[in-house]
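Below is one structure, written out as structure tokens; the observations come after it.
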Amino acid sequence: MPANKRKGIYLLPNLLTTAGLFSGFYAVVMSMNNHFESAAIAIFVAMIFDGLDGRVARITNTQSDFGAEYDSMADMVSFGMAPALVAYNFGLAELGKIGWLAAFVYVACAALRLARFNTQIGTADSRFFQGLASPAAAALVAGMVWVSIDYDIDGNAYGIIVALVTGISGLLMVSNFKYNSFKTLDWHGKVPFVAILIVMLIFIVVATAPSLVLFLVFLLYAIAGPVNTFRTVEKVTLEDVIGEPQEDADFEEGTDDKVDKTGKDDLSAKDDSLSKDEDTTKDEVSNKHKP
């Protein structure tokens with residue numbers, strides 16, 4: 001008899017996912033204690049773990065449905081709840097309803113973004129993201145908080161700007177703007193020697209002012225989505241910005257609806273044929289009675 005397959009989960013990729021989840025939770029705790037710099041850095045650390053777990057799973061051939069679902073739940077905490085709560089504690093609390101509504105808009109959009117991404121796996125164009133990816137949106141919010149702390153900017157004094165950045169970052173996640181995914185880059189190919197020098201120069205620039213450089217990088221990336229969309233589309237419509245009525249899984253015509261519609265079409269066709277037969281019979285009878 002064949003041996004029973006051992007049940008369990010793969011340790012390494014799920015351990016990296018747990019590290020990312022812990023980083024997001026740590027960011028929330030630090031923001032509650034007014035350690036906003038540590039909270040912002042923790043979100044960037046969560047991004048690193050999020051990028052590693054999937055690649056490690058593919059390299060070690062340890063992908064699983066459990067790992068994919070666990071990663072999605074961890075992303076909701078690290079890139080959905082954590083950035084919103086950090087922004088709220090940093091500069092939205094004194095705005096009252098406007099503040100927590102801006103934070104909720106971000107959380108809701110992050111949840112919608114992750115749900116849409118999970119339903120499009122295997123069918124979407126791998127070269128682009130539909131809408132701003134949740135880690136990039138989280139980096140934009142965290143970078144804003146980090147650069148504000150480094151330059152002694154009080155978040156409560158600029159609460160409206162914090163609310164706008166948080167809300168717009170959330171709305172960009174559920175938009176239809178095209179963002180380069182950089183998944184088509186050949187990481188295994190050879191590059192010129194000067195490329196290594198350029199990478200070293202980038203590290204030096206980031207090290208001089210990490211908060212400002214990272215914030216500007218993700219700000220430009222967020223702006224690049226609308227620019228790419230408007231540049232590649234001749235006539236911009238509402239569907240190019242938001243909404244997808246023809247492709248939305250929740251509004252696709254189900255199998256039962258198709259069967260019902262087909263049945264209705266068959267019945268209507270039969271009714272038409274019967275009415276035609278009755279008209280033909282009436283014409284024959286009337287022709288017989290004619291002299």
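Quick note: numbers below take in every heavy atom, side chains included, and nothing from hydrogens, waters or symmetry partners. Quick caveat: nothing in here was measured; it's all calculated off a predicted structure.
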To the nearest 0.5 Å, how far apart are CZ in F177 and CG in L132?
11.0 Å
When rounded to the nearest 0.5 Å, the distance separating OG of S78 from CE of M73 is 12.0 Å
Pick out which of T17, T62, T18 makes a side-chain hydrogen bond (donor to acceptor under 3.5 Å, both in side chains) with D53.
T17
Is there a donor-acceptor contact under 3.5 Å linking the side chains of N176 and T229?
no
Do M30 and F36 have side chains that approach each other closer than 4.5 Å (heavy atoms only, starting at C-beta)?
no
Step-by-step side-chain contact (heavy atoms from CB on, under 4.5 Å) determination, F104 to Y106
CA-CA 5 Å; F104 174 74; Y106 181 91; over 6 Å; no
With side chains defined as the heavy atoms from C-beta onward, is the minimum distance between N34 and N89 less than 4.5 Å?
no
Between M76 and L114, is there a side-chain heavy-atom distance shorter than 4.5 Å?
yes
Can you tell me if D50 uses its side chain to pair, donor with acceptor, with the backbone of A46 under 3.5 Å?
no
Atom CD1 of I98 with >12 non-hydrogen neighbours under 6.0 angstrom:
no
Decide if atom OH of Y70 counts as having more than 12 heavy atoms of other residues, nucleotides or ligands within a radius under 6.0 Å.
yes
Is it true that M47 and V56 fall in one hydrophobic cluster, defined by side-chain heavy atoms closer than 4.5 Å?
yes
